[in-house]
Amino acid sequence: MGRSCNLLFALAVLILLHHHTLLATVPNISTDEAALLALRSHISSDPNIILASNWSSSTPVCSWIGITCSSRYHRVTALDISSMQLHGTIPPHLGNLSFLVSLDISNNTFHGDLPVELAHLQRLKLINVRSNNFTGTIPSFLSLLPNLHFAYLSSNQFSGKIPSSISNLTKLELLTIHTNFLKGEIPKEIGDLRYLIVLNLQDNQLTGSMPPSIFNITTMQVIALTDNNLTGNLPKTLCDRLPNLEGLHLSSNSLGGIIPPNLEKCRKLQILSLSYNEFTGTVPRALANLTALTELYLGLQHLEGEIPAELGNLKKLQLLMLDQNEFTGSIPESIFNISAMQILDFSINKLSGTLPSNLGRGMPNFEELYCGGNSLSGFISDSISNSSRLRMADLSDNSFTGVIPESLGNLEYLEVLNLELNNFISDSSLSFLTSLTNCRKLRALRFNENALDGALSASVGNFSNSLQNFQGHGCKLKGVIPREIGNLTGVIYMSLYKNKLTGHIPNTVVQDMLNLQEFYLQSNKIEGTIPNVLCSLMNLGALDLTENHFSGSVPSCLGNVTSLRYLNLAFNRLNSLPANLGSLQDLIEFNVSSNLLSGHISLEFGNFKSATLIDLSKNDFSDKIPSTLGGLAELINLSLAHNRLDGPIPDSFGKMLALEFLDLCFNNLSGEIPKSLEALVYLKYLNISFNELSGEIPIGGPFANVTSQSFLSNDALCGDSRFNVKPCLIKSTNKSRRKRVLTGLYILLGIGSLFTLAVGFKWNLS
């Protein structure tokens with residue numbers, strides 16, 4: 001009996017020891033803790049000190065931030081450290097979280113590759129690594145995760161092809177790999193994913209045609225392939241097996257052929273996006289049967305014919321984009337009766353006819369209207385203000401007539417109004433502008449190129465600070481610029497050119513409009529001096545005062561406005577140009593042609609290192625051309641014509657290798673044409689006629705293509721007969737004379753050598 005008890009006791013001890021050994025080797029919560037601490041150690045930046053302060057061995061793993069544990073097995077089942085601004089890499093230890101069901105590390109800046117050890121996570125249903133910096137190919141280990149339902153891999157730097165082995169994920173419902181650098185074709189094996197609901201491969205570099213198999217997945221709700229390089233046609237049977245499709249996103253590819261009428265079978269379709277492709281033909285009237293449709297994108301194609309009136313039956317439609325096609329006929333009035341409509345875009349087509357007289361009454365939710373670039377005509381109805389939510393209205397480049405409705409001023413949400421390039425008229429006080437000052441959110445107002453024939457009133461200063469863009473050029477505006485215009489302190493861009501404005505530039509423009517970046521007043525009748533206060537506009541990038549009656553000197557303080565990129569003062573009566581304009585080292589275009597400027601051209605203008613155009617022509621500049629201009633390596637167009645410049649053409653001009661246009665005609669230049677100009681291989685126009693140049697005309701480089709017109713009235717020039725100049729005879733005679741002299745010297749040297757040898761020989765004999 002005692003022996004039996006001893007044996008039983010020994011057996012019990014062995015069992016306990018074996019069980020303890022098993023517990024020591026079987027993964028448990030300690031394994032999970034070690035894996036997570038390894039992850040923490042691979043994080044190089046934790047700016048919010050979340051993991052660094054919370055993930056600690058001194059507290060239970062299941063209480064850590066971002067960790068969820070199973071109550072039954074007491075193991076980590078979910079890891080969510082998304083959007084914590086973490087930076088680092090993912091260690092292989094994460095593959096030891098064998099009970100993990102959900103892994104979410106999205107919206108951080110993790111980088112490197114995803115470790116292959118993640119293939120051990122056999123229970124994983126969701127992996128979300130989107131919006132990081134992961135590189136390499138799409139991990140092949142994903143195909144070894146049999147329970148994976150959701151894979152979010154978007155917005156990383158994955159490259160290479162989509163592996164066909166992804167078809168092994170037979171339970172996959174969602175696959176998003178958009179915004180990466182994937183290439184190659186979409187594998188047809190994706191069609192084997194019978195439970196797939198969402199396929200999003202947008203914004204990659206995928207090529208080839210779409211595999212028909214993806215249109216056979218009956219569970220599919222969203223197919224998103226926008227912004228790739230896909231080609232081919234849409235299958236005629238596209239919607240035969242897609243009863244649940246809600247979104248078809250195929251824009252920005254190179255798809256062609258016709259839009260299949262079969263699309264009407266996708267009765268649940270809410271978004272159809274086909275813009276920016278090569279589709280031809282007409283819009284199928286059958287699309288009107290897609291009664292669930294809320295957004296229809298058909299812009300930038302080669303579609304033609306009339307816009308189907310049946311589209312007005314789409315009562316849930318909120319957005320309709322038909323821009324940049326070849327549609328003809330009128331816009332169906334039925335479309336303007338869709339009460340859900342928010343955005344309409346018919347711009348840049350061949351549409352004609354008028355807008356409905358009740359425009360706005362049937363669309364209470366209307367926010368954006370784009371119909372510019374057509375041949376629409378007629379009046380704009382006052383009823384447009386019934387679309388009280390209207391924010392954007394572009395009626396530009398049509399043939400609209402009549403007065404601009406003052407009811408536009410009732411649109412309190414209006415942000416952008418573009419009326420340019422029409423035949424609108426107005427009363428003499430431009431009262432429509434007064435009404436628009438009620439639109440306190442207005443950011444951009446363009447009424448240019450209309451024959452308004454009125455004067456800007458003081459009310460123009462009542463626009464809110466929201467106004468940034470004010471364009472009224474080409475409107476036959478007359479009178480003076482009201483000083484109240486200075487109240488437009490938020491304006492960045494102002495154009496009033498090609499009008500009949502008189503008087504001076506009000507000081508208020510430059511004293512108060514400190515945000516002004518572009519100011520265009522050319523082709524008016526403004527007079528007086530250019531006000532010094534312009535120099536207060538330290539954000540000014542473009543100033544154009546061409547073709548006015550400005551006189552006096554150019555303000556020297558303009559040299560302090562280092563933001564200037566375009567300075568155009570041509571066709572005025574200016575008589576002095578300060579040297580310190582050379583401080584504008586970022587100036588791109590500088591044009592002071594056709595003024596009364598005199599004196600020498602400043603050496604400082606050689607500091608215009610970014611300039612592509614310099615025009616000092618038709619003035620009274622004298623003295624020599626500064627050689628410093630030759631250092632302008634970006635210069636494309638240089639004109640110094642019609643001045644009194646003398647001396648030689650600087651040899652340094654051969655360094656302006658980007659030069660395409662060079663005009664030095666009608667000056668007093670002398671000396672030879674520098675052979676260095678042969679290096680100007682991009683030179684297309686050269687005019688150095690009516691000077692006093694001499695010597696041989698070069699024949700290399702751009703001189704091979706110029707004609708005699710480039711050298712007129714330079715009587716001392718010589719060279720090739722195609723230039724209509726005399727041959728360089730003197731130069732040839734000099735060469736012959738040099739040749740005869742050299743021949744004589746060689747003969748004398750030979751005779752001398754023979755004489756020396758003879759004397760030496762005689763001396764040796766004696």
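More than 12 heavy atoms of other shown residues, nucleotides or ligands fall within 6.0 angstrom of atom CG in Leu657. Shown here is Lys609, whose NZ atom has more than 12 heavy atoms of other residues, nucleotides or ligands within 6.0 Å. Atom CZ of Phe400 has more than 12 neighbouring heavy atoms from other residues, nucleotides or ligands inside a 6.0 Å radius.
Here the side chains of Leu567 and Val592 are not in contact, with every heavy-atom distance at 4.5 Å or above. Residues Val561 and Leu543 fail the side-chain proximity criterion, which asks for heavy atoms closer than 4.5 Å.
Glu678 places a side-chain N or O within donor-acceptor distance of the main-chain N or O of Gly700, the cut-off being under 3.5 Å. Without hydrogens or angle criteria, Ser426 side chain to Leu452 main chain gives no donor-acceptor distance under 3.5 Å. Remark: side-chain polar atoms of Asn180 are paired, donor with acceptor, to backbone N or O of Gln157 under 3.5 angstrom. Checked by atom type and distance alone, the side chain of Asn668 never pairs as donor or acceptor with a backbone atom of Ser670 at under 3.5 Å. In this structure, the side chain of Asn507 does not engage the main chain of Val533 through any donor-acceptor pair within 3.5 Å. Asn374 places a side-chain N or O within donor-acceptor distance of the main-chain N or O of Asn349, the cut-off being under 3.5 Å. Between the side chain of Ser396 and the main chain of Leu421, no donor-acceptor pair closer than 3.5 Å is present. Judged by distance alone, the side chain of Asn572 and the main-chain N or O of Asn548 form a donor-acceptor pair under 3.5 Å. A distance-only check finds a donor-acceptor pair linking the side chain of Asn515 to the backbone of Thr489 [under 3.5 Å]. Between the side chain of Ser466 and the backbone N or O of Arg440 there is at least one donor-acceptor pair closer than 3.5 Å.
Judged by distance alone, the side chains of Glu484 and Asn487 never bring a donor and an acceptor atom under 3.5 Å apart. For the residue pair Thr437/Asn462, the side-chain donor-acceptor check at 3.5 Å is not satisfied. Remark: the Ser593 side chain and the Ser617 side chain contain an N/O donor-acceptor pair separated by less than 3.5 Å. Glu589 and Asn591 form no side-chain donor-acceptor contact under 3.5 Å, judged by distance and modelled atom types alone. Defined by atom type and a distance below 3.5 Å, a donor-acceptor pair is present between the side-chain atoms of His473 and Asn448. In the model, Thr546 has a side-chain atom that pairs as donor or acceptor with a side-chain atom of Asn568 under 3.5 Å.
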Item to complete: Mind running salt bridge (charged side-chain N to carboxylate O under 4.0 Å, His left out) on Lys441 and Glu415 for me, showing each step along the way?
Response: CA-CA 5 Å; Lys441 295 184 178 181; Glu415 296 178 21; over 6 Å; no
Fill in: Trace of the side chain to side chain contact (heavy atoms under 4.5 Å, CB included) decision for Leu376 with Phe346
CA-CA 11 Å; Leu376 300 172; Phe346 305 109; over 6 Å; no
Fill in: Steps toward side chain to side chain contact (heavy atoms under 4.5 Å, CB included) verdict (Asn714, Ile697)
CA-CA 11 Å; Asn714 285 278; Ile697 299 174; over 6 Å; no
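Between Ile673 and Ile688, the shortest heavy-atom distance links the atoms CD1-CD1, 3.4 Å.
Under the 4.0 Å criterion applied to side-chain N and carboxylate O atoms, Arg391 and Glu368 are assigned as salt-bridge partners. Salt bridge absent: Glu527 and Arg573 never bring a charged side-chain N and a carboxylate O closer than 4.0 Å.
Aromatic pair Tyr493/Tyr520: centroids less than 6.0 angstrom apart. Between Phe590 and Phe605, the distance from one ring center to the other falls under 6.0 angstrom. The aromatic ring centres of Phe550 and Phe571 sit 6.0 Å or more apart.
Using cut-offs of 30° and 60° for the angle between ring planes, the Phe470 and Phe447 rings count as perpendicular.
Note that OG1 of Thr562 and CZ of Arg565 are 7.5 Å apart. Values are rounded to the nearest 0.5 Å.
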